[in-house]
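Below is one structure, written out as structure tokens, with a few remarks after it.
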There are 2 protein chains.
Amino acid sequence: MMLKTHACGQLSKADVGQTVTLNGWVQRRRDLGGVLFVDLRDRTGIVQIVFNPDFSGDAQALGERARNEFVLAVEGTVVERDPETFNPNLATGEIEVRVHKLEIMNPAKTPPFPIEDGVEVDENLRLKYRYLDLRRPEMQRTLLLRSKAAKVFRDFLDGEGFIDVETPILTKSTPEGARDYLVPSRVHEGEFYALPQSPQIFKQLLMVGGLERYYQIARCFRDEDLRADRQPEFTQVDIETSFLSQDQLLSMMEQLVQRLFRETVGAEIPAPFQRITYADAMNKYGSDKPDLRFGLEIEDITDIVSTSDVKVFASVAASGGVVKALNAKGCATWSRKELDDLQPFAARYGGKGLAWITVKDGEWKGPIVKFLKPEEIAALTERLQVEDGDLLTFSADKKKVVADVLGNLRLKVGRELGLIDESAYKFAWVVDFPLLGWDEEAGRYVAEHHPFTRPKDEDLHLFDTDPGQIRAQAYDLVLNGYEVGGGSMRIFKREVQEKMFAALGFSMEEAQEKFGFLLDAFEYGTPPHGGIAFGFDRLVMLLTGRTNLRETIAFPKTANATDPMTDAPSPVEASQLEQLHIRTVLKPAPAKQPAAAAAGEKKE
Amino acid sequence: MMLKTHACGQLSKADVGQTVTLNGWVQRRRDLGGVLFVDLRDRTGIVQIVFNPDFSGDAQALGERARNEFVLAVEGTVVERDPETFNPNLATGEIEVRVHKLEIMNPAKTPPFPIEDGVEVDENLRLKYRYLDLRRPEMQRTLLLRSKAAKVFRDFLDGEGFIDVETPILTKSTPEGARDYLVPSRVHEGEFYALPQSPQIFKQLLMVGGLERYYQIARCFRDEDLRADRQPEFTQVDIETSFLSQDQLLSMMEQLVQRLFRETVGAEIPAPFQRITYADAMNKYGSDKPDLRFGLEIEDITDIVSTSDVKVFASVAASGGVVKALNAKGCATWSRKELDDLQPFAARYGGKGLAWITVKDGEWKGPIVKFLKPEEIAALTERLQVEDGDLLTFSADKKKVVADVLGNLRLKVGRELGLIDESAYKFAWVVDFPLLGWDEEAGRYVAEHHPFTRPKDEDLHLFDTDPGQIRAQAYDLVLNGYEVGGGSMRIFKREVQEKMFAALGFSMEEAQEKFGFLLDAFEYGTPPHGGIAFGFDRLVMLLTGRTNLRETIAFPKTANATDPMTDAPSPVEASQLEQLHIRTVLKPAPAKQPAAAAAGEKKE
């Protein structure tokens, strides 16, 4: 076997005159009057190899047999091309390799789609033949960058004294959170392991265990219905620290992110990152993961229109709702259709409608203008900094609905006006998340992050008066409108934990039942601790400019949680299930037949 | 909160005079006439802090309340100790910290066992309170070294152009191999994912995909009955390469291992490593993972005793078995009991007995001596290099039994004679494994490694004549009698793969059914490739001098596949099973009772 001495994509003029052996795949071949030109591809790139009866001898005839995706081994001499045949599209475009010897290492069937970037191929076909899809330069670049990104995370964290600890994949089903993937136990009849939704419990236990700084690039599992940006298994960079303040942790993480972006995409991210409270983010951008690459802030105008003749404004204001406006700068030119489309747009985000006013040549036009008093117009002009050419939009509803409607409208306008610098990386920490949210259905507070999230010290007194107002030492890292990380400081004092459980409506006894050994662990000298997890797949997606998490994963699942290549999941042998003490229940059994006592009975 | 400015274990004389803040756990406290000495421990080590009414003020009274494992924050001044109170057992033993300010960050209950090394504690108790067990310096050192070892693997492989690729945990059940852990699908009724026993298929597909060099520190899962050195989930450093010969790969891996041992335990491992064929290893050491820290080679003496009057020797030789001997140098002094114990020892390894001869003062003694002819004694004396004081042991049986018996006897003698240098790291590659093994039960050949293992080129012709003699391009890395890695070059030519399947007794159609998409993939231009996987847990075990894999894993499972801390596996809610379309079957239902299908009924 002739094994490579050089990589295709790395040959250059410096190698001219050298005899090299190359291994690679045929990207394409052209026969020009008996001279055969083959683009040979390996992981590093492409180089042109030439077969010519003048110097190729027996290799010539063999070369004629090569087709696309054949695996070749060639020995040849690197020569400089005639300048008029330089190929500027190729890194190796100034040289070529004259073949003396050829070995066809393996032939190839014609691939079901071309192995090149920018070709429109059905995604299912790509996933079925993922091993061919992975040959495309774009996929290779993505996986290379993913590998590099993991390396940078590790190098940084290792340098800061973090210990890489593997936590179990076969663990225990958790009482709260998303749906678990379960694994039946063969040894323990009727019992199950669960795949971890995150290493949360273990990372906190490692802090109790005195490791002080832990990290892991961890696989996590959630059996949720999938969207474009969700996978049944995903990867997070999981981090936990002891004896650090929130500020110390966030600033260390900023250095980490700076290094990540510098070493993967060469971007210099200024630090410290902007910090914006959850309340401000919701108010100004209608989102807890605002895209800060552009302005277009939302303004609260409830005070201005609380006694307005625009009935919906006044009544919403009176009933505790809010009225907010977004000034779509320069959008007064929108067509009637575009303006009409605002209503279904609002509806998509739960809004009952969107009022609008165009401002052209000093004149305000729109359905509600006639109901506005001059002083309201004056106040709006000032608050919204109205100028000629503006489109004013208004949403009146519950706070959350208004945020959703105008937050999404802001993104739409930003995109359409080209306000977004696609090359920019705009980071921010969203901080001071609420500790508790009111669950209407359950009629009680629930933890917004999780029940071990530490409240801000200055809000502790609110446990007794207004728990809904308590802010947490919880933070998200936001990049260009995506949440790329999040975490919190954890409660480590028993008296705070008791107050937290009380606010959640359960006694320490109930809590003990729910969280058992973790609460036990906290009794043995728990250090102050806190951490963060980065969404690794999403970070890679943003670093590579992709729009779908599947593009960042070597062997992803479809939205249907299947793998078209391996055909997972799939039926298994009855004997396998028997050993695991389970059987499948494929349909509800008819209720009347006594033999139907099989679990089907309980269904529906 | 007073957060640390310094680490306990890193203070030294250079810090004398400085005011420092420390955070840590109380290792122990002594009250000497109103002066309180506390050993404060963090991840880096221990330092003595001193409370004295002369300089501690209010901190003194608070300090009195501290007990073992309390978490403290102290501010104090580093002072040099009186030379007569230097503590040579402590890295920080020449200084102490005079406390000015104290905060009890958290109290602690009395731990169920002392937090120190070398204490005998029931392992189940340690696992139940693993978060406390992890505070012991020995466990922290082990996890630190594990983290470091992973880093060295990654740094080396990254430097050699390997791409770190994550392969799926939720994948498809494989037709061959060990028992799979299964995960029921919620979306696809009656179907299951399987947890991977190794990323074997994916790593080969990545080579088909043109990645050329892949690695992953991968979690693998096997639902086998456990032993001390097995865990349901384990970690391997998984490696695959294209366009490399076996020699190139092994020599690259030697550099990797050298770097690993240099950077973790400071050991210089000479390279190239010894290479020993499987046949030689079995012949000389009775094992395919020989401990080469000592000699004591086994000798084949079948030729010498084939016509012996020792009946068992002659009859075994005549029936195609072998007679081998181990000269236990200097063991002629063994007591009668020790010699008698050789029989049950042989039985444990399947042997019917062990003949022995002691050589003292030139005299051969033992039950078989009288049957030996002088020329046999002469030949044995030469072959076994018999000297005064030797104990000669003989096993006659099928090849495999003799290997097991004498191989294990060799280890026993090596240990008892103190021939083993416990500080040595003796590496060897065991190469040329047989490609196929004969399965008596199935009446056919089975793959010794797996069906994609590449035969040696020079043995290809044996497919037609004697497949059992084909040697594979398969190799194990052996260290001190443990297999720490193994792999093979893979078949990449269709005609070889067809011969392999034929030897295994199935047609390409049957193979297609069994291995489906993988064979499809091989049709599209597969490069020559091969790889290796290192047993990471076991390497860490050997690097840290532990004897149990559980000591190398932060949160391991017991031999019963349970976690005493989290209580996994455990029963789950009926609704969870319902969503997964399964039910538990706790006992085979009595065939006669139609209504008995309900799950509960079947229990006992």
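Chain A is the first sequence line, chain B the second, and so forth, proteins listed ahead of strands; every chain is numbered from 1. The analysis underlying the following values was restricted to heavy atoms, covering all of them including side chains, and did not include hydrogens, waters or symmetry mates.
Comparing A73(A), A554(A), G161(A) by heavy-atom pairs within less than 4.5 Å of chain B, the highest count is held by G161(A). Listed options E166(B), K493(B), R146(B), K4(B) were ranked by heavy-atom pairs under 4.5 angstrom with chain A; first place goes to E166(B). The choice from N68(A), L144(A), L211(A) that makes the most heavy-atom pairs within less than 4.5 Å of chain B is L211(A). Comparing T526(A), L143(A), D567(A) by how many heavy-atom pairs each has under 4.5 Å with chain B, the most go to T526(A). The candidate from K128(A), M105(A), E69(A), R494(A) with the greatest count of non-hydrogen atom pairs under 4.5 Å with chain B is M105(A). For the set D563(A), I217(A), V187(A), L132(A), the entry with the most heavy-atom pairs within less than 4.5 Å of chain B is L132(A). Each of L206(B), I201(B), I115(B) has some count of heavy-atom pairs under 4.5 Å with chain A, and the biggest count is that of L206(B). When each of P111(B), A561(B), G210(B) is checked for heavy-atom pairs under 4.5 Å with chain A, G210(B) comes out on top. The candidate from L205(A), L134(A), D158(A), D223(A) with the greatest count of non-hydrogen atom pairs under 4.5 Å with chain B is D223(A). Of all the listed residues (L182(B), V165(B), T167(B)), the one sharing the greatest number of non-hydrogen pairs under 4.5 Å with chain A is L182(B).
Proximity to chain B (any heavy atom under 4.5 Å) is shown, for D457(A), by neither the backbone nor the side chain. Residue M2(B) does not touch chain A at all, counting heavy-atom pairs closer than 4.5 Å. Using a 4.5 Å cut-off between heavy atoms, V208(A) contacts chain B through both its backbone and its side chain. For Q216(A), the part lying under 4.5 angstrom from a heavy atom of chain B is the side chain only. For a residue to count as touching a neighbouring chain, one of its non-hydrogen atoms must lie under 4.5 Å from one of that chain's; by this rule R213(A) touches chain B with backbone and side chain alike. In this structure, the portion of I104(A) lying under 4.5 Å from any heavy atom of chain B is its backbone and not its side chain. Proximity to chain B is limited to the side chain of L580(A), based on heavy atoms less than 4.5 angstrom apart. Interface remark: L244(A) contributes backbone atoms only to the contact with chain B (heavy atom separation under 4.5 Å). Proximity to chain B is absent for every atom of M139(A), based on heavy atoms less than 4.5 angstrom apart. Residue S245(A) touches chain B through both its backbone and its side chain, counting heavy-atom pairs closer than 4.5 Å. Both the backbone and the side chain of D155(B) come within less than 4.5 Å of a heavy atom of chain A. If you measure heavy-atom distances from L518(A) to chain B, you find no contacts under 4.5 Å at all. Looking at F536(B), only its side chain comes within 4.5 Å of chain A, counting heavy atoms on both sides. Both the backbone and the side chain of A521(A) come within less than 4.5 Å of a heavy atom of chain B. At a 4.5 Å heavy-atom cutoff, the contact between P184(B) and chain A is made by backbone and side-chain atoms alike. Q579(A) touches chain B through its side chain: at least one heavy atom from C-beta onward sits under 4.5 Å away, while N, CA, C and O do not. If you measure heavy-atom distances from E578(A) to chain B, you find no contacts under 4.5 Å at all. For V183(A), the parts lying near chain B are the backbone and the side chain together; criterion is any non-hydrogen pair under 4.5 Å.
Summarising the geometry of P168(B) relative to K557(A), their closest heavy-atom pair is CB-NZ, 4.0 Å, with the distance given to 0.1 Å. Closest heavy-atom contact between S173(B) and V572(A): CB-CG1, 4.1 Å. In terms of heavy atoms, K172(B) sits closest to T566(A) at CD-O, 2.6 Å. Y524(A) and K109(B) make their closest contact through CD2-O, 3.6 Å (heavy atoms, listed as atom of the first residue, atom of the second, distance). Considering every non-hydrogen atom in both E212(A) and D42(B), the closest pair reads OE2-CB, 3.0 Å. In terms of heavy-atom proximity, F517(B) sits nearest to M565(A) at CG-O, 3.5 Å.
Side chain of H188(A) to backbone of N560(B): a donor-acceptor contact under 3.5 angstrom is found. D164(B) places no side-chain N or O within donor-acceptor distance of the main-chain N or O of A150(A), the cut-off being under 3.5 Å. Judged purely by atom type and a 3.5 angstrom limit, W25(B) uses its side chain to pair as donor or acceptor with the backbone of G525(A). The main-chain N or O of G209(A) is found under 3.5 Å from a side-chain atom of Q140(B) such that the two form a donor-acceptor pair.
The structure places CZ of R43(B) at 11.5 Å from CZ of F243(A), a figure rounded to the nearest 0.5 Å. The distance from the CG atom of L3(A) to the OG atom of S242(B) is 10.5 Å, given to the nearest 0.5 Å. Within the model, atoms CD1 of I163(A) and NZ of K151(B) stand 14.0 Å from one another, a figure rounded to the nearest 0.5 Å. R219(A) CZ to I169(B) CD1: the interatomic distance, rounded to the nearest 0.5 Å, is 4.5 Å. Remark: L195(A) CG to L170(B) CG distance equals 6.0 Å, nearest 0.5 Å. Here the OG-OH distance, from S147(B) to Y215(A), works out to 5.5 Å after rounding to the nearest 0.5 Å.
Classification of the Y181(B)-Y193(A) ring pair by plane angle, with boundaries at 30° and 60°, yields perpendicular. Ring geometry for F202(A) against F555(B) counts as tilted: the plane angle lies between 30° and 60°, on a 0 to 90° scale.
For the pair T584(A) and F192(B), the minimum side-chain heavy-atom distance is below 4.5 Å. With a 4.5 Å cut-off on side-chain heavy atoms, Q576(B) and D180(A) count as touching.
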>> The test is salt bridge (charged side-chain N to carboxylate O under 4.0 Å, His left out); show your working for R186(A) and D225(B) and say whether it passes.
In response: CA-CA 10 Å; R186(A) 177 177 55 84; D225(B) 296 313; 3.2 Å; yes
